[in-house]
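Heads up: the structure comes next, in structure tokens.
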Amino acid sequence: MNDLINFKLGCPADAVTIDGLSDTLKTFKKLLVAADATDWRIRDVGIHSVAVAAEPAVADEETDKSLRTVRDVVGAVESRDVERMLDYREEVESIIALSAKYSSPVEFGAGGDHTMMTVEDAKKISEMLKRSGRPSYGRVRGIVYRLMIEPGRRGIGLYDDVTGEKVGVAFAEELDDAVKQLRIGAHVSVKGFKRTHEGKIIGKVRAEEIRQLPPRRHATVSAADLADIAGFDFTFGLGSVAYVNELREAMRPHIEGAST
């Protein structure tokens, strides 16, 4: 299996400068941080273009998670999926800026999955992200349907109380204790930064506070509530069997007429 994470600024060989190398490494580092792979070793550095590759110090389960994260960024860029790209906005915008500064394509990927962002691609994706709406601070309430608390992969899935749509919530390690108290089906309130477009939340809510709400109370129905809907004498004194037979006889002419 190819366990490398690769990154390349495709500028001409005679345009490789110390600034180009520095900027490329800074952008590559952001991708590694997002993938929780900052402890990976630098394996190759190219000089005919600015190319760099990293490999894990130890191949384990964390390696697979890191590779999946970079593949997810690749898939988001390839599919032009704004919602997914917003999950990695800082990393994607850093790649866009690198491409624009050096007027060169950027290629990156992991484990055999790669994408190339051309200068024109970078411009289009930048416009898509700009149109996605600015972040605002607010609150979302909903029912928990998914929980994940792992190093580098923390998230909650909610069914939004207002729209019924699925909403992803990202949170920092500082909120682990609060999230550990939750269970699937819990009703929660999340405060943090979110992006909306046409009334719909796009991307993940970046939580600063997560609080479990009391269970919802459902009003019980009493005999008094039913008094004006159906009285207890609605069978007019007939037993249940006799009442149903009367209804059948009353409906028979209508049923026979409809069948002829």
Exercise. Taking all atoms of both residues into account, what is the closest heavy-atom pair of Asn6 and Ala53, and its distance?
Worked result: OD1-CB, 3.3 Å
Exercise. For the hydrophobic clusters of this structure (ILVMFWY residues joined by side-chain heavy atoms under 4.5 Å, transitively), does one cluster hold both Val140 and Met148?
Worked result: no
Problem set entry | Any Tyr159 side-chain heavy atom under 4.5 Å of Glu165 side chain | no
Exercise. For the hydrophobic clusters of this structure (ILVMFWY residues joined by side-chain heavy atoms under 4.5 Å, transitively), does one cluster hold both Val106 and Val33?
Worked result: no
Exercise. Under the 3.5 angstrom rule, does the side chain of Ser126 hit a backbone N or O of Ala122 as a donor-acceptor pair?
Worked result: no
Problem set entry | Heavy-atom closest contact (Ile5 atom, Ala110 atom, distance) | CG1-CB, 4.0 Å
Exercise. For Val119 and Pro105, which heavy atoms make the closest approach, and how far apart are they?
Worked result: CG2-N, 4.3 Å
For this session: Would you indicate whether the side-chain heavy atoms of Gln212 and Leu182 approach each other to under 4.5 Å?
Result: yes
Problem set entry | Main-chain N/O of Thr63 paired with Asp60 side-chain donor or acceptor, under 3.5 Å | yes
Seminar exercise, completed: So NE2 of His114 and CD of Glu107: to nearest 0.5 Å the spacing works out to 6.0 Å
Exercise. Any side-chain heavy-atom pair from Leu32 and Phe7 closer than 4.5 angstrom?
Worked result: no
Exercise. Rounded to the nearest 0.5 Å, how far does CD of Glu91 lie from CD of Glu93?
Worked result: 9.5 Å
Problem set entry | Candidates Leu21, Asp23, Thr17, Leu25 - the one meeting side-chain contact (heavy atoms from CB on, under 4.5 Å) with Val50 | Leu21
Exercise. If we only count heavy atoms from C-beta on, is the Phe108 to Thr115 side-chain gap below 4.5 Å?
Worked result: yes
Exercise. How far apart are the C-alpha atoms of Val144 and Leu158, what are their side-chain angles, what is the distance that settles it, and do they pass the side chain to side chain contact (heavy atoms under 4.5 Å, CB included) test?
Worked result: CA-CA 5 Å; Val144 176; Leu158 299 179; 3.6 Å; yes
Exercise. Which heavy atom in Lys194 sits nearest to a heavy atom in Arg139, and how many Å separate them?
Worked result: NZ-O, 3.5 Å
Problem set entry | 4.5 Å side-chain heavy-atom contact, Thr24 and Tyr102 | no
Exercise. Which atom pair, heavy atoms only, marks the closest approach of Pro214 to His187?
Worked result: O-ND1, 4.3 Å
For this session: Could you tell me how the ring of Tyr137 sits relative to the ring of Phe193: parallel (under 30°), tilted (30 to 60°) or perpendicular (over 60°)?
Result: perpendicular
Exercise. Would one find more than 12 heavy atoms of other residues, nucleotides or ligands at under 6.0 Å from atom NZ of Lys29?
Worked result: no
For this session: Could you name each residue pair satisfying side chain to side chain donor-acceptor pair (under 3.5 Å) that touches residues 201-211, not counting sequence neighbours?
Result: none
Exercise. Can you tell me how far NZ of Lys180 sits from CG of Leu147, rounded to the nearest 0.5 angstrom?
Worked result: 12.5 Å
For this session: Apply the test side chain to side chain contact (heavy atoms under 4.5 Å, CB included) to residues Thr69 and Asp36: give CA-CA distance (whole Å), side-chain angles for both, the deciding distance (0.1 Å), then the verdict.
Result: CA-CA 9 Å; Thr69 298; Asp36 197 27; over 6 Å; no
For this session: Inspect the contact between Lys65 and Glu62 and indicate whether a charged nitrogen and a carboxylate oxygen are less than 4.0 angstrom apart.
Result: yes
Problem set entry | same_hphob_cluster(Ile18, Val45) at 4.5 Å side-chain heavy-atom cutoff | yes
Exercise. With a 4.5 Å limit on heavy-atom distance, are the side chains of Val52 and Asp44 in contact?
Worked result: no
Exercise. By side chain to side chain contact (heavy atoms under 4.5 Å, CB included), which residues pair with Ile125, not counting sequence neighbours?
Worked result: Val77, Arg80, Met85, Val92, Ile96, Met117, Leu129
Exercise. Okay, side chain of Arg84, backbone of Asp72: is any donor-acceptor separation there less than 3.5 Å?
Worked result: yes
Exercise. Can you tell me how far CG of Asp177 sits from CD1 of Ile210, rounded to the nearest 0.5 angstrom?
Worked result: 11.5 Å
For this session: May I ask whether Ile156 and Ile184 are part of the same hydrophobic cluster, defined by side-chain heavy atoms of I, L, V, M, F, W, Y residues being less than 4.5 angstrom apart, directly or through others?
Result: yes
Seminar exercise, completed: Heavy-atom nearest pair, Leu9 first then Gly20, reads CD2-O, 4.5 Å
Exercise. Is there a side-chain contact between Leu98 and Lys101 (heavy atoms, below 4.5 Å)?
Worked result: no
Seminar exercise, completed: Contacts of Asp39 meeting salt bridge (Lys or Arg N to Asp or Glu O under 4.0 Å) (sequence neighbours excluded), chain-then-number -> none
Seminar exercise, completed: Distance col, row Arg41:CZ vs Leu4:CG, nearest 0.5 angstrom, shows 11.0 Å
Exercise. Any donor-acceptor pair under 3.5 Å linking the side chain of Ser99 with the backbone of Ile95?
Worked result: no
Problem set entry | Linked, directly or transitively: Leu213 and Leu175 (ILVMFWY side chains, under 4.5 Å) | no
For this session: Please examine the side chains of Ile149 and Phe171, heavy atoms only from C-beta on, and report whether any two atoms are closer than 4.5 Å.
Result: yes
